[in-house]
Every structure is written in C-alpha cells, then in structure tokens.
Engineer: 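Can you keep this structure in mind? I'll have questions shortly.
When reading the values below, keep in mind they use all heavy atoms of this one structure, side chains included, and skip hydrogens, waters and symmetry mates.
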Amino acid sequence: MADVNTASAAFLATIPSPDQGVWHIGPVPIRAYALCIIAGIIVAIWLGERRWVNRGGTKGTVIDVAVFAVPFGLVGGRLYHVITDNQLYFGEGKNPLNALKIWDGGLGIWGAIALGAVGALIACRRRGIPLPAMADALAPGIVIAQAIGRLGNYFNQELYGAHTDLPWGLEIYQRYNPTNPDDFLNGIAIGHVPLPDSPVHPTFLYELIWNLGVALLVIWADKKFRLGHGRVFALYVAGYTAGRFWIEMMRTDTANHILGLRVNVWTSILLFAAAIAYFVLAAKRGPREAPETLWSKDVLREDADSASASAASETAEPSETHAEVAAAPDTVRDSAADKATEDPKPDAEK
C-alpha cells in the first residue's frame, strides 16, 4: 500500500501532457500548434505597435511591416527547419512533400528572424523608416511570441528532454492514430499509456519561462537606458541564445550534429557572440533615434500637403480683402483716403 501511495504521489507531482493536439470541426482540423503561432503573432504585433508609437513612430506602421515580415518569416522558419533536419524529409522511405506540412510542427526561429527581417526591410524602406528602430520596438513581442509558440510543442508532445524524477517532470503518452499509425502528432492518447522515458524534462516549459524573463529584461533595459539603433534587438538575441544554449543541450529529439554538438547549439553560440559585438559597437552611434526619424513617409507627405494648402489659404485671404476694398463704394474709399491724409505718421511715431 505504501508503494502505491508513493507512486500515486509521484504521478500527481508531474505535469500531464494533453491527450491530443488537433481537433476536427467536420472535415476541418483545428491544430493547437497553429493557434499558438497565430496567437504569438497577434501579441507581437500588438506590443510592437504600442512600443513604436511610444517611441514617436506613426500609428499603424507595425501592422504594415507585419504584412511583409510574417509570411517571409514563416517561410524562412520552415526552410531553416527543413535544412537543419533534412533527414526527416529526404532519403530512403521519406516523403519530401512532408516538408510542406508546417502544421505538423517544425519552425526554426533563426530562419524566421532572418527571412522575416528581409520582409521587414522591404516594408521599412517603403515607409522611409529605419529598420533597427523597428527591430527594437518589435524585440520584446517577438520573444513573447516564441514563448506562446512553445505551448504548441506541448500540445504536439515534442521537443522534450531526457527522463527525470523531478516533481515537474512531463508525462508523455502513447498516441494512436487509426488512419496512420506512424502519425502520432494527429493521434490521441487512449488510457494514458506512458512512453518508456516518461516523465521527462519539459524543455518547452524551460524555454517558455526563459523567454518571458528575456522579454522583461529587454523592456526594463530599454526603459532605463533608452537603447536605440538595434541595441534592444541585440539584447534580445543575446538573452535568448544564452538560454537556448543550455536548453538545447537537454533535448533528446533527433537533430544533426557538428563536432559533437547539435546544430542549434552552434547557432546559439555564434549568434550570442554576434549580438554582444553589435550591442557594443552600436553604442557608438549615439542616443536613441529622434522621434521625427520614425515618422512614416506617407505621414510626412500628408503634413507637407497640409502645410502647402494652409500657406495657399493664407496667401489667398489678402487677395480677397483687396478685392473687397476695390469693390467697396466710393464714399468708403474716399473716407479711408481722407483719414490717411490727416494723420500720415505711422502708429509707432505717435
């Protein structure tokens, strides 16, 4: 009985996994992973817009940038994943078309950032605003979006670590998919049959918590030191990669290795060094960008048109006044002339 109670207490102390990560409304699949990605994008845009406007930027600019950056980012994220984990899609017995199934999980954040930056650059140039300033405004929202996206990995029951006896270990279960036994992502856990390594380190949760901490650090540092010229974004990259380094070392999912280390570990090391170098060098560019440099080109054009219209209106008013005097009765004009003759001195000399 004591052994049963001990086992029961240990089980209750662990984190259970969801039974499934996809639900169907008729023929339409509703995937938790996709919902988490969408929710993260919405939060990133909302927070980025608030920060951009607070810096003096034009309202609505972040949404315009997102129209370019988001699709570019999704393509880049998928490309990075497929390239770095190509053995999952290419080779004997593999179906290359599965590389297109983004809904089954698999987005590399650095591919998303790299190609998303290309999309953002296009949008920023169209708007006539500096990309580094936009990156600074978006940085906290991006890392919060990454945290939300990790919940998708939780529902997909993926990206976990090795076995652990810690109280916060993650229970992982066998999932069954009658139509495709090998497709466990679309399966359902029946009877909560644990996998051999269960419980495991919830590395998705470690990264989620770390990302939220990085977001708070970035927002605090930006507010206190008024960082600019891409330094907020560099701080985000340095903070995120520092955590990704040790979290990646704990993961047990299949990954390619270089010199004994996972590819993403090397990526984290290189990007951390690059971010620190940029953070130091960008400080030489001086204080944060002036608010007027963040104004959209469209707004500046509207202001210029408004100023031109105002100037034209002011110029037209004296002409109308002269016309009215010219059209006035002769007696009025004669009276004005007599008054000028009686007192020819200007007011300043009276």
Engineer: CG/Leu107 to CD/Gln146 distance, rounded to the nearest 0.5 angstrom?
Structural biologist: 11.0 Å
Engineer: Do the side chains of Arg175 and Ile188 get nearer than 4.5 Å, heavy atoms only?
Structural biologist: no
Engineer: Take Asp85 and Arg262 through the salt bridge (Lys or Arg N to Asp or Glu O under 4.0 Å) test and state the conclusion after the steps.
Structural biologist: CA-CA 11 Å; Asp85 291 302; Arg262 295 163 67 100; over 6 Å; no
Engineer: For residues Leu170 and Tyr154, determine if any side-chain heavy atom of one lies less than 4.5 Å from a side-chain heavy atom of the other.
Structural biologist: yes
Engineer: Mind checking whether Tyr173 and Ile190 have side chains closer than 4.5 Å, heavy atoms only?
Structural biologist: no
Engineer: Kindly give the heavy-atom pair with the smallest separation between Tyr33 and Ile102, and that separation in Å.
Structural biologist: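 Nearest heavy atoms, Tyr33 then Ile102: CE2-O, 3.8 Å.
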Engineer: So, Asp222 and Arg51, do they make that salt bridge, N to O below 4.0 Å?
Structural biologist: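 Yes, Asp222 and Arg51 are salt-bridged.
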Engineer: As a quick check of understanding, evaluate side-chain hydrogen bond (donor to acceptor under 3.5 Å, both in side chains) for Asn264 and Arg251, giving each step before the final call.
Structural biologist: CA-CA 11 Å; Asn264 282 327; Arg251 284 170 46 172; over 6 Å; no
Engineer: Supply the atom-to-atom distance Leu115 CG to Ile113 CD1, rounded to the nearest 0.5 angstrom.
Structural biologist: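 Taking CG in Leu115 and CD1 in Ile113, the distance rounds to 11.0 Å.
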Engineer: How close do Asn177 and Gly187 get, heavy atom to heavy atom, and via which atoms?
Structural biologist: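 For Asn177 versus Gly187, the nearest heavy atoms are CB-CA, 3.9 Å.
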Engineer: Under a 3.5 Å distance rule, please check whether His24 uses its side chain to pair with a backbone N or O of Val22 as donor and acceptor.
Structural biologist: no
Engineer: Compute whether any side-chain donor of one residue and acceptor of the other, for Asn186 and Arg31, lie under 3.5 angstrom apart.
Structural biologist: yes
Engineer: Just checking, is any N or O donor in the side chain of Asp136 or His229 under 3.5 Å from an acceptor N or O on the other one?
Structural biologist: no
Engineer: Do the side chains of Ile38 and Ile30 join up, straight or via other hydrophobic residues, at under 4.5 Å, putting them in one cluster?
Structural biologist: no
Engineer: Measuring from Ser198:OG to His192:NE2, what's the distance to the nearest 0.5 Å?
Structural biologist: 11.0 Å
Engineer: I'd like to check Ile269 versus Phe245 (side-chain heavy atoms, cut-off strictly below 4.5 Å). Are they in contact?
Structural biologist: yes
Engineer: With a 4.5 Å cut-off on side-chain heavy atoms, are Thr267 and Phe272 touching?
Structural biologist: no
Engineer: So which atom in Ala275 and which in Ala238 form the shortest heavy-atom distance, rounded to 0.1 Å?
Structural biologist: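 Scanning both residues completely, I find the closest heavy atoms to be CB-N, 3.8 Å.
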Engineer: For a quick test of reading the model, state the closest non-hydrogen atom pair linking His81 to Gly108 and the distance between them.
Structural biologist: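 Between these two residues, the closest heavy atoms are CB-N, 4.0 Å.
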Engineer: Where the side chain of Arg231 meets the backbone of Leu281, is there a donor-acceptor pair that is under 3.5 Å apart?
Structural biologist: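 Flag not set: sc Arg231 to bb Leu281 has no pair under 3.5 Å.
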Engineer: Is it the case that the side chains of Tyr236 and Thr241 hold a donor-acceptor pair, with the cut-off being a distance below 3.5 Å and no angle test?
Structural biologist: no
Engineer: Locate the shortest heavy-atom distance separating Pro199 from Gly169; write the atom from each residue and the value.
Structural biologist: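 What the structure gives for the nearest pair is CB-C, 4.0 Å.
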Engineer: Determine whether Leu294 and Trp52 make a side-chain contact, defined as any pair of heavy atoms from C-beta on separated by less than 4.5 Å.
Structural biologist: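 The answer is yes; the side chains approach within 4.5 Å.
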Engineer: Passes side-chain hydrogen bond (donor to acceptor under 3.5 Å, both in side chains), Glu158 versus Tyr160? Steps please.
Structural biologist: CA-CA 6 Å; Glu158 60 186 358; Tyr160 47 78; over 6 Å; no
Engineer: In terms of hydrophobic clusters joined by side-chain contacts under 4.5 Å, are Phe225 and Val214 together?
Structural biologist: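 Yes; tracing contacts between hydrophobic side chains, which count when under 4.5 Å, links both residues.
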Engineer: Would you give the length of the straight line joining atom CG of Asn256 to atom CD1 of Ile83, rounded to the nearest 0.5 angstrom?
Structural biologist: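 It comes to 11.5 Å.
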Engineer: Using a 6.0 Å distance limit plus a 45 degree cone around the ring axis, check whether Arg150 lies over the aromatic ring of Phe204.
Structural biologist: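 No; the conditions do not both hold, so Arg150 does not lie above the ring face of Phe204.
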Engineer: Please say yes or no: joined through hydrophobic side-chain contacts below 4.5 Å, possibly via intermediate residues, are Ile15 and Ile209 part of one cluster?
Structural biologist: yes
Engineer: Check the pair Ser17, Glu171 against side-chain hydrogen bond (donor to acceptor under 3.5 Å, both in side chains), reporting the backbone distance first and the verdict last.
Structural biologist: CA-CA 6 Å; Ser17 288; Glu171 294 288 348; over 6 Å; no
Engineer: Grab the two heavy atoms, one from Gly40 and one from Ala145, that are nearest each other, plus how far apart they are.
Structural biologist: O-CB, 3.2 Å
Engineer: Take Arg126 and Phe68 through the side chain to side chain contact (heavy atoms under 4.5 Å, CB included) test and state the conclusion after the steps.
Structural biologist: CA-CA 11 Å; Arg126 287 166 59 93; Phe68 286 86; 3.7 Å; yes
Engineer: Do Tyr240 and Trp110 have ring centres separated by under 6.0 Å?
Structural biologist: yes
Engineer: Quick one, Leu88 and Lys94 - any side-chain contact, counting heavy atoms below 4.5 Å?
Structural biologist: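 A side-chain contact is absent here, since even the closest heavy-atom pair is not under 4.5 Å.
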Engineer: What do the steps show when you test Leu208 against Asn211 for side chain to side chain contact (heavy atoms under 4.5 Å, CB included), and what is the final call?
Structural biologist: CA-CA 5 Å; Leu208 186 158; Asn211 288 351; 5.9 Å; no
Engineer: Rounded at 0.5 Å granularity, tell me how far CD1 in Ile247 sits from NE2 in His201.
Structural biologist: 12.0 Å
Engineer: If hydrophobic clusters are built from ILVMFWY residues whose side chains come within less than 4.5 Å, do Ile148 and Trp46 share one?
Structural biologist: yes
Engineer: Calculate, to the nearest 0.5 Å, the distance between atoms CG and CG belonging to Leu217 and Leu212 respectively.
Structural biologist: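 The distance works out to 12.5 Å.
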Engineer: Can you find a heavy atom in the side chain of Ile45 that is under 4.5 Å from one in the side chain of Ile63?
Structural biologist: yes
Engineer: Leu79, Leu100: one ILVMFWY side-chain cluster at the under-4.5 Å cut-off?
Structural biologist: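 Looking at the clustering, Leu100 is in a separate group from Leu79.
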Engineer: What do the steps show when you test Tyr89 against Leu97 for side chain to side chain contact (heavy atoms under 4.5 Å, CB included), and what is the final call?
Structural biologist: CA-CA 8 Å; Tyr89 307 100; Leu97 292 179; over 6 Å; no
Engineer: Give a yes or no answer on whether the side chain of Trp168 reaches the backbone of Pro202 with a donor-acceptor pair at less than 3.5 Å.
Structural biologist: no
Engineer: Give a yes or no answer on whether the side chain of His163 reaches the backbone of Asp197 with a donor-acceptor pair at less than 3.5 Å.
Structural biologist: yes
Engineer: Walk me through it: do Val65 and Met134 pass the test side chain to side chain contact (heavy atoms under 4.5 Å, CB included)?
Structural biologist: CA-CA 9 Å; Val65 171; Met134 176 58 68; 3.8 Å; yes
Engineer: For the pair Glu49 (side chain) and Gly60 (backbone), establish whether a donor and an acceptor sit closer than 3.5 Å, ignoring hydrogens and angles.
Structural biologist: yes
